[in-house]
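Take a look at the structure below.
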Amino acid sequence: MEPMEIALLEAQAAAERGEVPVGAVVLDASGHVLARAGNAVEGSHDASAHAELLALRAAAAARGSARLPDCDVVVTLEPCPMCAQAISFFRIRRLIFGAYDPKGGGVEHGARVFDAPSCHHRPEVVGGVRETDAAALLKAFFAGKR
């Protein structure tokens with residue numbers, strides 16, 4: 001199964017738990033899944049429990065290292081500024097995301113964390129991967145909230 005498909009499954013599972021449907025996967029240099037997670041903000045009562053952070057923390061714990069320079073992050077939504085900064089701190093090699101987030105994104109929109117002079121590490125960035133599928137999950141989730 002391709003990594004974005006795994007991330008989309010994590011996003012769907014998050015939606016089923018009442019979480020904003022965002023899923024993330026951390027891959028090692030060989031493309032093997034080190035960690036995967038979906039948003040868990042509501043269930044954990046933790047505003048920082050975004051899919052990216054949960055997956056990054058799990059991958060770092062599995063590796064026994066605070067940095068993951070040979071790893072890639074695949075996430076269904078453009079990371080927010082908090083998650084983009086974490087991706088930089090973990091020294092991630094490549095960020096691949098699905099839907100763009102003009103309102104809350106921190107990579108291509110908003111803070112543009114990787115473009116800031118204070119950013120210590122900028123990963124390679126690939127956006128728009130399975131964008132339609134990722135956006136559809138988000139739209140359906142929020143339509144159900146209205």
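- Pairs engaging residues 94-109 under the salt bridge (Lys or Arg N to Asp or Glu O under 4.0 Å) rule: Asp72-Arg94, Arg94-Glu124 [sequence neighbours left out].
- Note that the CD atom of Glu78 and the CZ atom of Phe97 stand 4.5 Å from one another [nearest 0.5 Å].
- Of the possible polar contacts, none joining the Thr76 side chain to the Ala7 backbone as a donor-acceptor pair under 3.5 Å is found.
- Placement of Val41 and Ile87 in two distinct hydrophobic clusters is found when ILVMFWY residues are connected by side-chain heavy-atom separations under 4.5 Å, directly or transitively.
- Closest approach of Ala111 and Pro81 over heavy atoms only: CB-CG, 4.0 Å.
- Within the structure, ring pair (Phe, Tyr, Trp, His ring centres under 6.0 Å) contacts touching residues 41-90 (residues at least two apart or in different chains) do not occur.
- Considering all non-hydrogen atoms of both residues, Ala15 and Pro21 come closest at CB-CB, 3.8 Å.
- Closest approach of Ala59 to Leu34, counting heavy atoms only: CB-CB, 4.0 Å.
- A heavy-atom distance below 4.5 Å is found between the side chains of Ile92 and Leu56.
- Here Met1 is tied into one hydrophobic group with Met4, Ile6, Leu8, Leu9, Val25, Leu27, Val33, Val74, Ile96, Val126, Val129, Leu137, each link being a pair of ILVMFWY side chains closer than 4.5 Å.
- Ala61 meets the side-chain contact (heavy atoms from CB on, under 4.5 Å) test with no other residue; sequence neighbours excluded.
- For the pair Ala11 and Gly23, the tightest heavy-atom approach, listed with the atom from each and the gap, is CB-N, 3.5 Å.
- Evaluation of the salt bridge (Lys or Arg N to Asp or Glu O under 4.0 Å) test over residues 45-63, restricted to residues two or more places apart or in two chains, returns Arg63-Asp70.
- Both Val26 and Val107 belong to a single network of hydrophobic side chains, linked directly or stepwise wherever heavy atoms of I, L, V, M, F, W or Y lie under 4.5 Å apart.
- Note that CZ of Phe141 and CD of Glu16 are 11.5 Å apart. Values are rounded to the nearest 0.5 Å.
- Listed by first and then second residue, the ring pair (Phe, Tyr, Trp, His ring centres under 6.0 Å) pairs that reach into residues 104-140 come to none, sequence neighbours excluded.
- Sorted by first and then second residue, the side-chain hydrogen bond (donor to acceptor under 3.5 Å, both in side chains) pairs with a member in residues 18-44 read Glu10-Arg36; sequence neighbours excluded.
- With sequence neighbours excluded, the residues that form a salt bridge (Lys or Arg N to Asp or Glu O under 4.0 Å) with Arg122 are Asp115.
- Smallest separation of non-hydrogen atoms from Ala135 and Ala99: N-CB, 4.0 Å.
- Here the closest non-hydrogen pair linking Ala84 and Pro79 is N-CB, 4.0 Å.
- Within the hydrophobic cluster formed by Ile, Leu, Val, Met, Phe, Trp and Tyr side chains joined at under 4.5 Å, directly or through other members, Met82 is accompanied by Leu53.
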